[in-house]
Peer 1: 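Below are the C-alpha cells for one structure; questions will follow.
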Amino acid sequence: MDDTGMEGVPSWKIGGVLDSNGIGVVEKSKTNGFTAGDIVSSFNWPWQTQCIFDGKVLQKMDPSLVNGQLSHFLGAVGTTGLTAYLGMKEKGHVTPGANQTLVISGAAGACGSLAGQIGRIQGCSRVVGICGTDEKCSFLINELGFDCALNYKKKNLASKLKECCPNGVDLYFDNVGGTISDMVISQMNQNGHVILCGQISQYNKDMCHPPPPPPQTEAILKERNITRDRFLLFNYTDQYQSGIQQLSQWLKTGQIKAKETIVQGIENTAGAFLSMMTGGNIGKQIVKISE
C-alpha cells in the first residue's frame, strides 16, 4: 500500500484499481502467443471480473503441474511456493545431518507452512512453528508434521520455545518481525541464519523496511555471527522455472501439502485481504471470482 521499494512492484494508488497476483482464462486474444482457453497468470492482476492485458506481462500456465487445481499457481506452485523454497535454499544454509532446528513465525500462513515442510525435506531435524491460534497449532503438527507449534497469544512463549528447541535455534524463517522475532533470535545458536521474508507486525509503522532490529537484538546478531539477510524473490528469476518444477513434484508426491482458505465472489476480495492481514486464513488466502 506504501512504496514497496522494489522495481516492478508499484504501490496501490488511491482511486485506482487494486491488484495482486492472479490467474484467469483467456477469452479472446490478438497476440500470437495466446489463444482462447489458455490459463494465464500475472503478478499485477486487477481486482475485476474481466480485463485487457498486454500479452507481454502474462505467463501461460500448464495445468498438469498442479493436477488441474489452478489455485496452486497462486500458492504452492507459484510465487508463494518459490518464496518459501528459494528463501530456504538461498538463505537457510540447511546442512543435512547437522541436527539443525528451524523455527518459523507466521507458520500457518501460505509461505510459512511451506517453508517448514521444505526445511524438513532439505534436512532440518526439528521444525517448530509459531502462529496465532490453537487450531493453527494443531494443523501444523497433525497435518504438516511439525515437531512443535506454539500459540504466541498464550503466556510464557519464550520458555515454551526453549522447551521445543532444547538445542537452541539454528535457522529462523521470519515472517512477522517485532517482539516475537527478537525473542526467537535471543535463543539462536552461534553462526545461525535468519531468513528475512516478511515483517507483518511492522507494516503499519512509519519506518524503513525491513526495519532495523533493536540494539539488544542487533548485539546478539553480531556477537553470535548470525546472518539476517533480506530475501527478495525477484533477485532469483533465473531459478523460477526449476523451482516451479521442484515444487510441482513435491506437491504431486505428497511431500508438501498445500492448505487454502477460499472465499467466493469479487465483492468479498477486500474482506479476504483484511482477514489475511490479521491472521484469519490458514495456508493461502484465495478469492475465486468465478468457477
Side-chain angles (χ1 to χ4, degrees), residues 1 3-86 110-111 114 232-253 256 258-276 281 283-291:
M1 297 176 74
D3 182 12
T4 63
M6 293 182 285
E7 186 178 351
V9 187
S11 60
W12 288 347
K13 303 299 181 185
I14 294 176
V17 178
L18 305 185
D19 63 14
S20 61
N21 201 359
I23 192 167
V25 181
V26 174
E27 293 186 344
K28 184 183 294 185
S29 174
K30 295 182 179 180
T31 301
N32 291 334
F34 301 99
T35 59
D38 284 346
I39 306 299
V40 294
S41 182
S42 170
F43 193 75
N44 301 112
W45 195 284
W47 291 5
Q48 55 194 64
T49 55
Q50 292 179 309
C51 46
I52 299 173
F53 278 104
D54 180 342
K56 295 176 182 178
V57 305
L58 292 174
Q59 181 180 2
K60 189 184 295 186
M61 314 305 287
D62 178 3
S64 69
L65 290 173
V66 292
N67 289 330
Q69 189 167 339
L70 300 180
S71 57
H72 285 325
F73 283 131
L74 301 178
V77 190
T79 53
T80 303
L82 285 171
T83 300
Y85 171 61
L86 293 175
C111 191
L114 292 169
L232 291 176
L233 178 63
F234 305 106
N235 291 337
Y236 301 92
T237 55
D238 61 319
Q239 297 189 54
Y240 282 11
Q241 194 58 44
S242 60
I244 289 296
Q245 292 293 330
Q246 179 63 84
L247 291 162
S248 171
Q249 180 186 347
W250 283 337
L251 187 67
K252 288 180 177 180
T253 59
I256 60 173
K259 178 77 169 179
E260 296 176 331
T261 298
I262 298 175
V263 171
Q264 297 283 349
I266 193 170
E267 69 276 10
N268 295 312
T269 305
F273 174 76
L274 294 173
S275 176
M276 179 270 296
N281 59 301
K284 184 69 176 180
Q285 178 70 67
I286 297 287
V287 177
K288 285 191 174 183
I289 306 293
S290 60
E291 291 297 334

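Sequence positions, counted from 1, serve as the residue numbers for this chain. Predicted, not measured: the structure shown is a model, and the values here were computed from it.
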Peer 1: Quick one: pull up CD1 in Ile256 and CG in Leu114 and give me the separation to the nearest 0.5 Å.
Peer 2: 5.5 Å
Peer 1: Give, for atom CD of Gln48 and atom CD1 of Ile52, the distance between the pair rounded to the nearest 0.5 Å.
Peer 2: 9.0 Å
Peer 1: I'd like to know if the side chain of Thr83 reaches the main chain of Thr79, judged simply by a donor and an acceptor atom lying under 3.5 Å from each other, with no hydrogens or angles considered.
Peer 2: yes
Peer 1: Do Thr237 side-chain atoms and Phe234 backbone N/O form a donor-acceptor pair below 3.5 Å?
Peer 2: no
Peer 1: Please assess Asn21 against Ser41 for the test side chain to side chain contact (heavy atoms under 4.5 Å, CB included), listing each intermediate value before the final yes or no.
Peer 2: CA-CA 8 Å; Asn21 201 359; Ser41 182; 3.8 Å; yes
Peer 1: For Thr80 and Lys284, test the side chains for any donor-to-acceptor distance below 3.5 angstrom and give the result as yes or no.
Peer 2: yes
Peer 1: Which atom names give the shortest non-hydrogen contact between Tyr240 and Leu233, and what distance separates them?
Peer 2: OH-O, 3.3 Å
Peer 1: Suppose the criterion is salt bridge (charged side-chain N to carboxylate O under 4.0 Å, His left out): which pairs have a residue in residues 259-274, not counting sequence neighbours?
Peer 2: none
Peer 1: Got a donor-acceptor contact below 3.5 angstrom from the Thr253 side chain to the Gln249 backbone?
Peer 2: yes
Peer 1: What I'd like to find out is whether the side chain of Ser242 reaches to under 4.5 Å of the side chain of Gln245, using heavy atoms alone.
Peer 2: no
Peer 1: Quick check for you: to the nearest 0.5 Å, what is the distance between Thr269 atom OG1 and Leu274 atom CG?
Peer 2: 11.0 Å
Peer 1: Without hydrogens or angle criteria, can the side chains of Asp62 and Ser64 be said to hold a donor-acceptor pair below 3.5 Å?
Peer 2: yes
Peer 1: Find out whether Ile39 and Leu70 are in side-chain contact, i.e. whether some heavy atom of one side chain is under 4.5 Å from a heavy atom of the other.
Peer 2: yes
Peer 1: Got a second to check how far Ile23's CD1 is from Ser42's OG, nearest 0.5 Å?
Peer 2: 11.0 Å
Peer 1: Run the side chain to side chain contact (heavy atoms under 4.5 Å, CB included) test on Val57 and Asn44 for me, step by step, so that the C-alpha distance in whole Å, both residues' side-chain angles and the decisive distance to 0.1 Å come before the verdict.
Peer 2: CA-CA 9 Å; Val57 305; Asn44 301 112; over 6 Å; no
Peer 1: Going by salt bridge (charged side-chain N to carboxylate O under 4.0 Å, His left out), name the pairs with one or both residues in residues 37-60, residues two or more places apart or in two chains.
Peer 2: Asp38-Lys60
Peer 1: Which pairs pass salt bridge (charged side-chain N to carboxylate O under 4.0 Å, His left out) with one or both residues in residues 23-35, sequence neighbours excluded?
Peer 2: none
Peer 1: Are any non-hydrogen side-chain atoms of Leu247 and Leu82 less than 4.5 angstrom apart?
Peer 2: yes
Peer 1: Once rounded to the nearest 0.5 Å, what's the spacing between atom CG of Leu74 and atom CE of Met61?
Peer 2: 8.0 Å
Peer 1: Could you state the interatomic distance from CH2 (Trp12) to CG (Leu18), rounded to the nearest 0.5 Å?
Peer 2: 5.0 Å
Peer 1: Between Cys51 and Pro46, what is the shortest heavy-atom contact and its length?
Peer 2: CB-CG, 3.8 Å
Peer 1: Give me the atom names and distance for the closest heavy-atom approach of Ala272 to Val287.
Peer 2: CB-CG2, 3.6 Å
Peer 1: Does a side chain donor of either Trp45 or Ser20 reach within less than 3.5 Å of an acceptor in the other side chain?
Peer 2: no
Peer 1: Let's go through Leu65 and Phe73 carefully: what are the C-alpha distance in whole Å and the side-chain angles of both, what is the deciding distance for side chain to side chain contact (heavy atoms under 4.5 Å, CB included) to 0.1 Å, and is it a yes or a no?
Peer 2: CA-CA 9 Å; Leu65 290 173; Phe73 283 131; 4.2 Å; yes
Peer 1: Could you give me the CA-CA distance, side-chain angles and deciding distance for Val263 and Lys288, then say whether side chain to side chain contact (heavy atoms under 4.5 Å, CB included) is met?
Peer 2: CA-CA 6 Å; Val263 171; Lys288 285 191 174 183; over 6 Å; no
Peer 1: State, to 0.1 Å, how close His72 and Ala258 come at their nearest heavy-atom pair, and which atoms those are.
Peer 2: CE1-CB, 3.5 Å
Peer 1: Once the angle between the rings of Trp250 and Tyr85 is folded into 0 to 90°, is it parallel (under 30°), tilted (30 to 60°) or perpendicular (over 60°)?
Peer 2: perpendicular
Peer 1: Donor-acceptor pair, Ser29 side chain versus Phe34 backbone, under 3.5 Å?
Peer 2: yes
